[in-house]
Undergrad: 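Just dropping this structure here.
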There are 2 protein chains.
Amino acid sequence: MEPKYEEGSKDYIAAHEEIVAKVKASQPEDEYLYDLSELFKIFGDSTRIKILYSLFETELCVGDMATILNLSQSSVSHQLRILKDAKLVKFRRDGKSIFYSLDDEHVRTILSMGMEHVEE
Amino acid sequence: MEPKYEEGSKDYIAAHEEIVAKVKASQPEDEYLYDLSELFKIFGDSTRIKILYSLFETELCVGDMATILNLSQSSVSHQLRILKDAKLVKFRRDGKSIFYSLDDEHVRTILSMGMEHVEE
DNA sequence: CTTACATATGAAAGTATATTCATATGTTCA
DNA sequence: TGAACATATGAATATACTTTCATATGTAAG
């Protein structure tokens with residue numbers, strides 16, 4: 001969740017009314033943009049990125065992820081819940097272990113897009 | 001900046017050594033993944049997403065953005081600095097106004113990818 | 001059914017982040 | 001050069017976030 005604040009002051013008189021009206025009309029719903037930012041927020045944490053990346057080519061159980069990424073089991077589990085809630089990963093149980101994997105190709109695509117930008 | 005914590009405990013003995021070794025070997029450098037998460041973190045705020053979206057098709061000056069998005073001038077300006085530092089927007093001065101625009105096609109692509117995911 | 005293993009979860013602590021308010025900087029024009 | 005406009009910035013405040021620690025839940029095997 002983002003902090004909630006009051007709306008901005010409106011004491012500014014638009015310098016370019018035509019453009020303002022046009023852009024305002026083409027701007028998507030706030031709720032939609034909010035969802036979009038929430039999606040990116042999930043990717044905006046290095047632990048979660050590490051987890052997603054570790055799942056790029058194969059499924060993994062929680063303990064193995066913790067070992068690979070050198071993180072505590074608890075921390076990995078907490079972050080997996082967030083990724084699961086965001087439908088970025090899915091899981092299956094196999095005996096005592098639970099195996100996680102990327103939920104769909106979209107996740108891979110978003111990661112790849114980001115990589116391209118970072119690599120420049 | 002993300003909070004810094006100690007490294008995770010290593011008391012877990014990998015259940016699947018072969019997979020662990022393989023994934024560990026193919027995992028990118030931590031620094032690289034950190035940069036990637038920092039990039040996504042920029043997109044992970046609704047105010048910044050709104051700003052980026054308002055610039056999707058045209059450049060805008062700070063005051064007009066504030067008007068369009070119903071945000072304070074100060075808030076927009078603070079966020080623009082973050083976007084500027086991340087090289088997601090560029091700007092040009094025209095008299096008293098400063099016009100911002102998206103820095104490159106990558107930004108548009110990343111936004112579009114996110115949209116596709118959210119729209120499902 | 002009891003023990004051991006694998007994962008999940010709640011609370012607490014520390015850190016990071018976004019906005020607001022006040023003010024500074026920079027630009028234009030009279 | 002001074003007034004008005006446009007943008008930037010520092011400090012303070014409030015909130016959100018991630019990890020750790022302790023413990024709970026769920027599963028399998030003896």
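Below, read A as the first sequence line, B as the second, and so on, with proteins coming before strands; counting in each chain starts at 1.
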Undergrad: For A:H78 and C:dT9, is the gap between ring centres under 5.5 Å while the planes differ by less than 30°?
TA: yes
Undergrad: Heavy-atom distance under 4.5 Å between the side chains of B:T109 and A:H117, does that happen here?
TA: no
Undergrad: Less than 4.5 Å apart, any side-chain heavy atom of B:P28 and any of B:L33?
TA: yes
Undergrad: Which nucleotide wins on minimum distance to the side chain of A:I98, given the candidates C:dT7, D:dT19, C:dT17?
TA: C:dT7
Undergrad: Indicate if B:L102 and B:F91 have the same hydrophobic cluster label, given that clusters are the connected sets of ILVMFWY residues with side-chain heavy-atom separations under 4.5 angstrom.
TA: yes
Undergrad: Rounded to whole angstroms, how far apart are CG on B:N70 and C1' on C:dT19?
TA: 14 Å
Undergrad: Categorize A:F91 for me: base, sugar-phosphate, or nothing, with a 4.0 angstrom heavy-atom threshold over every strand shown.
TA: nothing
Undergrad: How long is the line joining CD1 of A:I51 and P of D:dT18, in whole Å?
TA: 11 Å
Undergrad: State whether B:T47 places a side-chain N or O below 4.0 Å from either non-bridging phosphate oxygen (OP1 or OP2) of C:dA18.
TA: no
Undergrad: Using a 3.5 Å distance criterion without hydrogens, assess whether the side chain of B:Q27 forms a donor-acceptor pair with backbone atoms of A:L69.
TA: no
Undergrad: Let me know the distance between CZ of A:R92 and C1' of C:dT7, rounded to the nearest Å.
TA: 15 Å
Undergrad: What integer distance in Å separates A:K84:NZ from C:dA8:P?
TA: 5 Å
Undergrad: Where along nucleotides 23-30 of chain C does protein come under 4.0 Å, by heavy atom, of base (B) or sugar-phosphate alone (S), with - for untouched nucleotides?
TA: ---SBS--
Undergrad: Which nucleotide wins on minimum distance to the side chain of B:V62, given the candidates C:dT9, C:dT19, D:dT7?
TA: D:dT7
Undergrad: Which donor-acceptor pairs under 3.5 Å do side chains of residues 74-89 of chain B form with protein atoms, sequence neighbours excluded?
TA:
{"unit_1": "B:Q79", "atom_1": "OE1", "unit_2": "B:R48", "atom_2": "NH1", "d": "2.7"}

Undergrad: Is any side-chain heavy atom of B:I49 closer than 4.5 Å to one of B:F43?
TA: yes
Undergrad: In this structure, how many angstroms lie between the C1' atom of C:dT17 and the CG atom of B:D85, rounded?
TA: 15 Å
Undergrad: Atom CD of A:Q79 and atom P of C:dA8: how far apart are they, to the nearest Å?
TA: 12 Å
Undergrad: Can you find a donor-acceptor pair, distance only, under 3.5 Å between B:S74 side chain and C:dC21 base?
TA: yes
Undergrad: Figure out the OH/P separation between B:Y100 and D:dA6, and round it to whole Å.
TA: 15 Å
Undergrad: Whole-Å distance between D:dA16 P and A:R48 CZ?
TA: 15 Å
Undergrad: Should the heavy atoms of other residues, nucleotides or ligands under 6.0 Å from CD of A:E119 be counted, would the total exceed 12?
TA: yes
